[in-house]
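Beneath this line is the structure, given in structure tokens, with notes to follow.
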Amino acid sequence: MITMRRLRLTAVAVLTTVAMAACGDAGEGTSAAPSPTAKGPKVVAASTWEAGFARAAGATDITVIVPPGVQHASDYDPKPSDLAKVAEADVVLYAAFEGFAGKLKEAAGSGAKLIEVSLDNSPGTVKAEVSRLGGEFGTAEAARAWTAAFDTEYAALKEKVTGATKGTAPVIVSQAFVAWAADLAGARPAGVYGPQPPTAGQIAGLAAKKPRLVLDNSAMPGGDALADVGAERVVIDNFPGRELDLIAMYRSNADALAAALD
């Protein structure tokens, strides 16, 4: 479980901190140094999406490569300073669809463990991945606690959104990567589009479904092409924010869906 490597890195971190204190320089890092009581490995995540899974699984020392809020995060081109972070990691999390995954793998050649994460916010997938990562990190207990809290919160959010439907499941069409969010409204997408821009024929087919809602993806918006479909557009976030809180992301999406259905 990366024990000796972790000890070496901890020793280096302590010496560096002492040296900086002696010089009176606190540094300008993008994240605070891990606390002495931090548990789990030092994780570098390609984006806040993987980082959210890692935090849910119990990791406390997490660095993110792609800055929060970047559209088309999968096309991000890491800078040399980004890749330098990878060399210090115990674990590197990435997704297969991320174009820069190969660069992360090369940068991790110093010994970091590479873990590919299945990025899908369907509840079953999220819980399975969080549990798997908890096992990898040695934080299985924290992962189980998060999963229990998630089950309770998701049930409450789904009740809130389905309540706004007033008993009639809405017809929904969705961008492919946010189709999971239709479940919060007690529905399955009647049609999906993307990730490529929909063609005229596809738009006509989606319009024929007579949807009440169009779910758009905030990371790769394409819902403007469906503006003439005559449905309410709801922008769904797949990526948690800077706080790396997956449950807060679900809560925000549920609020947006409930408001659109009200």
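Any value given below was found using the heavy atoms of this structure, including those in side chains, with hydrogens, waters and symmetry copies removed.
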In plain terms, say whether [X] and [Y] are close enough for a salt bridge, that is, a side-chain N and a carboxylate O under 4.0 Å apart.
{"X": "R251", "Y": "D245", "value": "no"}
{"X": "E243", "Y": "R55", "value": "no"}
{"X": "E106", "Y": "K103", "value": "no"}
{"X": "K127", "Y": "D151", "value": "yes"}
{"X": "D183", "Y": "R188", "value": "no"}

Connected hydrophobic set around F177, excluding itself, where side chains approach under 4.5 Å: M220

To the nearest 0.5 Å, tell me how far [X] [atom1] sits from [Y] [atom2].
{"X": "I65", "Y": "Y76", "atom1": "CD1", "atom2": "OH", "answer": "7.5 Å"}
{"X": "E153", "Y": "I247", "atom1": "CD", "atom2": "CD1", "answer": "6.0 Å"}
{"X": "R242", "Y": "F239", "atom1": "CZ", "atom2": "CZ", "answer": "14.0 Å"}
{"X": "L213", "Y": "L215", "atom1": "CG", "atom2": "CG", "answer": "6.0 Å"}
{"X": "L93", "Y": "I62", "atom1": "CG", "atom2": "CD1", "answer": "8.5 Å"}
{"X": "K85", "Y": "L104", "atom1": "NZ", "atom2": "CG", "answer": "11.5 Å"}

What I'd like to find out is whether the side chain of [X] reaches to under 4.5 Å of the side chain of [Y], using heavy atoms alone.
{"X": "N238", "Y": "V178", "value": "yes"}
{"X": "S218", "Y": "D237", "value": "yes"}
{"X": "E232", "Y": "L261", "value": "no"}
{"X": "K210", "Y": "V229", "value": "no"}
{"X": "L206", "Y": "P211", "value": "no"}
{"X": "R233", "Y": "L226", "value": "no"}
{"X": "N217", "Y": "I236", "value": "no"}
{"X": "V192", "Y": "Q175", "value": "no"}

Pick from L184, D262, T162: which one makes a side-chain contact (heavy atoms from CB on, under 4.5 Å) with L257? L184

Mind checking side-chain hydrogen bond (donor to acceptor under 3.5 Å, both in side chains) for S122 and listing every partner two or more places apart, or none if nothing turns up? D120

Smallest separation among heavy atoms of [X] and [Y], with atom names:
{"X": "E116", "Y": "E129", "answer": "O-OE2, 4.3 Å"}
{"X": "A225", "Y": "I203", "answer": "O-CD1, 3.4 Å"}
{"X": "A57", "Y": "A142", "answer": "O-CB, 4.2 Å"}
{"X": "M249", "Y": "N121", "answer": "CE-ND2, 3.6 Å"}
{"X": "F100", "Y": "A73", "answer": "CE2-O, 3.3 Å"}
{"X": "P170", "Y": "A185", "answer": "CD-O, 3.7 Å"}

Run the numbers on Q196 and Q202 for side-chain contact (heavy atoms from CB on, under 4.5 Å), then give the verdict. CA-CA 11 Å; Q196 301 301 321; Q202 290 171 332; over 6 Å; no

Without swapping roles, check the side chain of [X] against the backbone of [Y] for a donor-acceptor pair under 3.5 Å.
{"X": "S131", "Y": "A128", "value": "no"}
{"X": "T147", "Y": "A143", "value": "yes"}
{"X": "T48", "Y": "A51", "value": "no"}
{"X": "S74", "Y": "F97", "value": "no"}
{"X": "S174", "Y": "A176", "value": "no"}

Do you reckon L119 sits in the same ILVMFWY cluster as F137, going by side-chain contacts under 4.5 Å, direct or chained? yes

May I ask whether V214 and V235 are part of the same hydrophobic cluster, defined by side-chain heavy atoms of I, L, V, M, F, W, Y residues being less than 4.5 angstrom apart, directly or through others? no

Run the numbers on E136 and V91 for side-chain contact (heavy atoms from CB on, under 4.5 Å), then give the verdict. CA-CA 9 Å; E136 292 279 0; V91 176; over 6 Å; no

Less than 6.0 angstrom separating the ring centers of W146 and F53, yes or no? no

When the aromatic ring centroids of F150 and Y250 are compared, is their separation below 6.0 Å? yes

Output, in order, the C-alpha distance, side-chain angles, deciding distance and verdict of side-chain contact (heavy atoms from CB on, under 4.5 Å) for I115 and K113. CA-CA 6 Å; I115 300 178; K113 183 170 184 178; 4.3 Å; yes

With distance as the sole criterion, is a donor-acceptor pair present between the side chains of Y193 and D216 under 3.5 Å? yes

